[in-house]
Amino acid sequence: MDEDNKTLLQVFREHNEQSRKLIGKDFVSKTVQRYETTTRYLEEFIKKEYQLSDIALNNLEANFISKFDAFLKIEKGCAQNSSITRLKNLKKIIRIALENDWIKKDPFAYYRFKLEETDPEFLTMDEIKIILAKEFTIKRVEQVRDVFVFCIFTGLAFSDVKDLSPEHLVKDNKGELWIRKNRQKTKIMCNIPVLPVAASILEKYKNVAECTGKLLPVLSNQRMNSYLKEIADICGINKPLSTHVARHTFATVALANRVSMEPVAKMLGHTDIRTTKIYARVLDKTVSEEMKGMRSKFVV
């Protein structure tokens, strides 16, 4: 196709194809899958709204964005923040087109994203203790529980715990064990102390590294989250457990135990401390709710 007549889905697919080749280097698999899903949604939208199989970049108007936003919410049931994620995927493709002079004007020029403030889900110490104490008869479920607990006590994201190998373990001059690893998503170096619970899990699976070169028996993210739903049911925890919840729990537990914001941000590999501050806000909200309960119980 002529460089002056590039189409939206063509550029999107070229981007996705290149990104898939860079998984493990510049991209994680989940990010590429997200772009591919956005491409599929755009294809459906263009067919429905314009009766076309694709659309020329230079035919994109500002209302294309608002119409696609509406399509995502109405036809795909996307919540506000989920819809914005798709629009940001699209915006990146438009930016690539602008940089290459494939498009004359930016349809996003006057568009402003409006994220809704959401509270990350996390577990309480009592809920963590329930999960730790539960005995599982199925080995695979037990392994998923152990990996989940390891993430709770290290703050590692799924892609990082899956990639964890002996080379990422180091001892300081006091003999204390640390995880030293670049976060796969941000490439920021994280230094995380290996707490006793995490150390006991590493010891439990020390034979795994000899066979696989990895420290823990980690399944795919989809299978992990599927087993975690089962674990939540078994443990009577009415929260949607996922690998993200483990990471959120690490942050809130660390802050609740008076670890200051900057070290928590560094251990999590956050590029912006404002991301870490979300957890402090959630804790403040939790304390406020608990204090309301105390006021009702201790009326004099």
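Panel note: side chain N100, backbone I96; a donor-acceptor pair is recorded below 3.5 Å. Formation of a donor-acceptor pair under 3.5 Å by the T38 side chain with backbone atoms of R34 is found in this model. Of the possible donor and acceptor atoms, none in the side chain of D146 sits under 3.5 Å from a partner among the backbone N and O of I201. No donor-acceptor distance shorter than 3.5 angstrom exists from the side chain of R247 to the backbone of L156, with no hydrogens or angles considered. The main-chain N or O of K104 is found under 3.5 Å from a side-chain atom of N58 such that the two form a donor-acceptor pair. Between the D172 side chain and the K174 main chain, a donor and an acceptor come within less than 3.5 Å of each other.
To the nearest 0.5 Å, atoms OG1 (T212) and CG (N207) are separated by 10.5 Å. How far CD1 of I94 is from CZ of F108: 6.0 Å, rounded to the nearest 0.5 Å. With rounding to the nearest 0.5 Å, the separation of SG in C235 from CD1 in I128 is 12.0 Å. Here the straight-line distance linking atom CD of Q10 with atom CD of E14 works out to 4.5 Å at 0.5 Å rounding. Note that the CG atom of L215 and the CD atom of E167 stand 9.5 Å from one another [nearest 0.5 Å]. In this structure, CG on L216 lies 5.5 Å from CZ on F150, to the nearest 0.5 angstrom.
E17 CD: 12 or fewer foreign heavy atoms inside a 6.0 Å radius. Summarising the local packing, NE2 of H168 is surrounded by more than 12 heavy atoms from other residues, nucleotides or ligands at distances under 6.0 Å. Within a 6.0 Å sphere centred on CD of E99, other residues, nucleotides and ligands contribute more than 12 heavy atoms. Crowding of R20 atom CZ: a count of heavy atoms from other residues, nucleotides or ligands under 6.0 Å exceeding 12. More than 12 heavy-atom neighbours from other residues, nucleotides or ligands sit within 6.0 angstrom of CG on N63. Atom NZ of K129 has 12 or fewer heavy atoms from other residues, nucleotides or ligands within 6.0 Å.
E44 has no carboxylate O lying under 4.0 Å from a charged side-chain N of K47, or vice versa, which leaves the two without a salt bridge. Using a 4.0 Å cut-off between a side-chain N of Lys or Arg and a carboxylate O of Asp or Glu, E43 and R13 qualify as a salt bridge.
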(request) Could you walk me through whether E61 and K105 pass salt bridge (Lys or Arg N to Asp or Glu O under 4.0 Å), step by step? (result) CA-CA 9 Å; E61 301 291 343; K105 55 186 179 181; 3.4 Å; yes
(request) List the steps and the verdict of side chain to side chain contact (heavy atoms under 4.5 Å, CB included) for V147 and K162. (result) CA-CA 9 Å; V147 172; K162 187 175 179 65; over 6 Å; no
(request) Would you sort out whether L87 and Y111 count as a side chain to side chain contact (heavy atoms under 4.5 Å, CB included), showing the intermediate values? (result) CA-CA 10 Å; L87 292 176; Y111 195 89; 3.5 Å; yes
Could you list the donor-acceptor pairs under 3.5 angstrom formed by side chains in residues 130-142, with sequence neighbours left out?
from: R140; atom 1: NE; to: Q143; atom 2: OE1; distance (Å): 3.3
from: E142; atom 1: OE2; to: K204; atom 2: NZ; distance (Å): 2.5

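Among all heavy-atom pairs drawn from F148 and S242, the shortest one is CE1-O, 3.2 Å. Between P193 and M267, the shortest heavy-atom contact is CD-SD, 3.6 Å. Shortest non-hydrogen contact noted between N182 and D160 is O-OD1, 3.8 Å. Considering every non-hydrogen atom in both I103 and L57, the closest pair reads CD1-O, 3.4 Å. Across all non-hydrogen atoms, the minimal contact from D54 to L8 is OD1-N, 3.6 Å.
Inter-residue side-chain proximity for C151 and T243 is flagged as unmet; no heavy-atom pair is nearer than 4.5 Å. At a threshold of 4.5 Å between non-hydrogen side-chain atoms, the residues K91 and F113 count as touching. Under the 4.5 Å side-chain criterion, counting only non-hydrogen atoms from C-beta, V245 is not in contact with L228. V218 places none of its side-chain heavy atoms less than 4.5 Å from the side chain of L164.
Looking at D69 and S83, their side chains do bring a donor and an acceptor atom within 3.5 Å of each other.
Think of W178 as one node in a network of Ile, Leu, Val, Met, Phe, Trp and Tyr side chains linked at under 4.5 Å; its network also takes in V170. Cluster note: V32 groups with L22, I23, F27 through ILVMFWY side-chain heavy atoms spaced under 4.5 Å, whether in direct contact or through intervening members.
With F122 as the aromatic partner, K239 meets the cation-pi criteria of under 6.0 angstrom to the ring centre and within 45 degrees of the ring axis. Cation-pi geometry between K48 and F71 is not met: the NZ or CZ atom fails to fall both under 6.0 Å from the ring centre and inside 45° of the normal.
The cluster map of Ile, Leu, Val, Met, Phe, Trp and Tyr, joined by side-chain heavy atoms under 4.5 Å apart, puts M189 and V161 in different clusters.
Relative ring orientation between H15 and F12 is described as perpendicular, the plane-to-plane angle rising above 60° on a 0-90° scale split at 30° and 60°.
The ring of F64 has its center closer than 6.0 angstrom to the ring center of F45.
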